[in-house]
Amino acid sequence: MFNIILFGPPGSGKGTQSEKLIAAYGLKHLSTGDLLRSEIANKTPLGIEAKTIMDKGQLVPDEVVVGMISSALENNPHAKGFLFDGFPRTTAQSEALDKLLKLKNAEIGVVLAMDVSEEELVKRLLNRGLTSGRSDDTNEEVIRARIKEYQEKTTVVANYYGQFNKVVHLKGEGTVEEIFSSLCSEIDKRMSN
Ligand code: AP5
């Protein structure tokens, strides 16, 4: 089982590249953002609580997202591997994920971190907000709050996996195809080891 974390700030291209990577490698895509938006669409109590937090650009509590990931791992016992997108976002989430994977005798193979400048992130998200219907994309203040939350609480995830030499930084600017190709070459190197 080969498991990947696709890491980077809001708007760095995690969702875009995830779609291409799962098609290329046959992995199961687990995006906590998508799981939360599905709870919101279904108007569940969890979704109603999460929406208030997401609309401010803040992080949903660790226990909520860890619970969702734990169920998703249990519900996919035969997956060839998982591609984590937007998770983990705190050190506590990283430690919880490692424990959950250990129960499956598995671990994270690589953390692919896409680096994109703040101005490019804001530009991409405002642009997506014109058509996406995502309420957290329409307001520049909320977009900047999401980026600040990433800088303050999520960059530590790279330090956490860095201690196990699992992090690779890549340029997240350029065409979607160029970035996809550099992600694939890093995955191929590690899968063949
Ligand atoms: P989440 O859904 O994870 O959103 P995000 O991290 O803010 O990321 P985005 O989906 O906005 O961006 P992306 O990196 O996937 O980029 P994309 O490919 O879409 O989280 C939303 C919220 O949920 C959080 O704020 C939080 O409240 C909560 N949440 C989620 N997970 C959580 C967790 N683990 N813990 C706690 N709370 C959690 O691309 C963006 C745009 O750029 C698109 O329009 C795309 O077409 C364009 N684009 C992509 N690549 C390129 C390129 N190379 N050049 C030009 N444009 C490009």
Does the distance from a Lys or Arg side-chain N to an Asp or Glu carboxylate O, for [X] and [Y], drop under 4.0 Å?
X      : Y      : value
Arg89  : Glu149 : no
Asp115 : Lys171 : no
Glu119 : Lys123 : no
Arg144 : Glu118 : yes
Glu177 : Lys20  : yes

Would you say [X] and [Y] are hydrophobically clustered, going by side-chain heavy atoms of ILVMFWY under 4.5 Å?
X      : Y      : answer
Val176 : Ile22  : no
Leu73  : Leu27  : no
Tyr25  : Leu101 : no
Phe87  : Phe82  : yes
Val66  : Met68  : yes

Test log, rule side-chain contact (heavy atoms from CB on, under 4.5 Å), inputs Val110 and Glu186: CA-CA 9 Å; Val110 67; Glu186 291 300 337; 5.7 Å; no
Please say whether more than 12 non-hydrogen atoms of neighbouring residues, nucleotides or ligands are located less than 6.0 Å from [atom1] in [X].
X      : atom1 : value
Lys28  : NZ    : no
Gln58  : CD    : yes
Gln151 : CD    : yes

Does Asn139 form a side-chain contact (heavy atoms from CB on, under 4.5 Å) with Ile143? I'd like the steps, not just the answer. CA-CA 6 Å; Asn139 176 328; Ile143 290 174; over 6 Å; no
Looking at side-chain heavy atoms only, is the closest gap between [X] and [Y] below 4.5 Å?
X      : Y      : result
Phe2   : Ile187 : yes
Ser12  : Glu120 : no
Val168 : Val111 : no
Ile108 : Phe164 : no
Asp34  : His29  : yes
Arg146 : Met54  : no
Leu59  : Ile53  : no
Ile5   : Leu97  : yes

Taking all atoms of both residues into account, what is the closest heavy-atom pair of [X] and [Y], and its distance?
X      : Y      : answer
Leu30  : Ala72  : CD2-CB, 3.6 Å
Leu21  : Phe180 : CD2-CE1, 3.6 Å
Asp62  : Ala92  : OD2-CB, 3.4 Å
Leu183 : Met114 : CD1-SD, 4.3 Å
Pro88  : Thr154 : O-CG2, 4.5 Å
Lys14  : Leu6   : O-CD2, 3.4 Å

Gap separating the [atom1] atom of [X] from the [atom2] atom of [Y], nearest 0.5 angstrom:
X      : Y      : atom1 : atom2 : value
Arg37  : Ser135 : CZ    : OG    : 9.5 Å
Cys184 : Leu112 : SG    : CG    : 9.5 Å
Leu170 : Glu178 : CG    : CD    : 12.5 Å
Ile48  : Lys43  : CD1   : NZ    : 8.0 Å
Glu49  : Glu39  : CD    : CD    : 11.0 Å
Lys99  : Ser94  : NZ    : OG    : 11.5 Å

Can you give each donor-acceptor pair under 3.5 Å made by side-chain atoms of residues 156-163, sequence neighbours left out, with the distance rounded to 0.1 Å?
{"from": "Tyr160", "atom 1": "OH", "to": "Asp98", "atom 2": "OD2", "distance (Å)": "2.7"}
{"from": "Tyr161", "atom 1": "OH", "to": "Asp98", "atom 2": "OD1", "distance (Å)": "3.2"}
{"from": "Gln163", "atom 1": "NE2", "to": "Tyr160", "atom 2": "O", "distance (Å)": "3.1"}

With side-chain contact (heavy atoms from CB on, under 4.5 Å) as the criterion, how do Met1 and Glu107 come out once you've worked through the C-alpha distance, each side chain's angles and the decisive distance to 0.1 Å? CA-CA 8 Å; Met1 186 187 252; Glu107 61 177 8; over 6 Å; no
Look at the side chain of Ser18 and the backbone N and O of Asp85, then say whether any donor-acceptor pair between them is shorter than 3.5 Å. no
Is the backbone N or O of Val122 less than 3.5 Å from a side-chain atom of Glu140, with the two atoms forming a donor-acceptor pair by type? no
Run the ring-centre check on Tyr150 versus Phe7 and record whether the distance is less than 6.0 Å. yes
Residue among Asn42, Leu35, Leu36 satisfying side-chain contact (heavy atoms from CB on, under 4.5 Å) with Ser38: Asn42
Would you give me the side-chain donor-acceptor pairs under 3.5 Å for residues 125-133, sequence neighbours excluded?
{"from": "Arg128", "atom 1": "NE", "to": "Asp137", "atom 2": "OD2", "distance (Å)": "2.6"}
{"from": "Arg128", "atom 1": "NH2", "to": "Asp137", "atom 2": "OD1", "distance (Å)": "3.2"}
{"from": "Arg128", "atom 1": "NH2", "to": "Asp137", "atom 2": "OD2", "distance (Å)": "3.0"}
{"from": "Thr131", "atom 1": "OG1", "to": "Arg128", "atom 2": "O", "distance (Å)": "3.4"}
{"from": "Ser132", "atom 1": "OG", "to": "Arg128", "atom 2": "O", "distance (Å)": "3.3"}
{"from": "Ser132", "atom 1": "OG", "to": "Arg134", "atom 2": "N", "distance (Å)": "3.0"}
{"from": "Ser132", "atom 1": "OG", "to": "Asp137", "atom 2": "OD2", "distance (Å)": "3.4"}

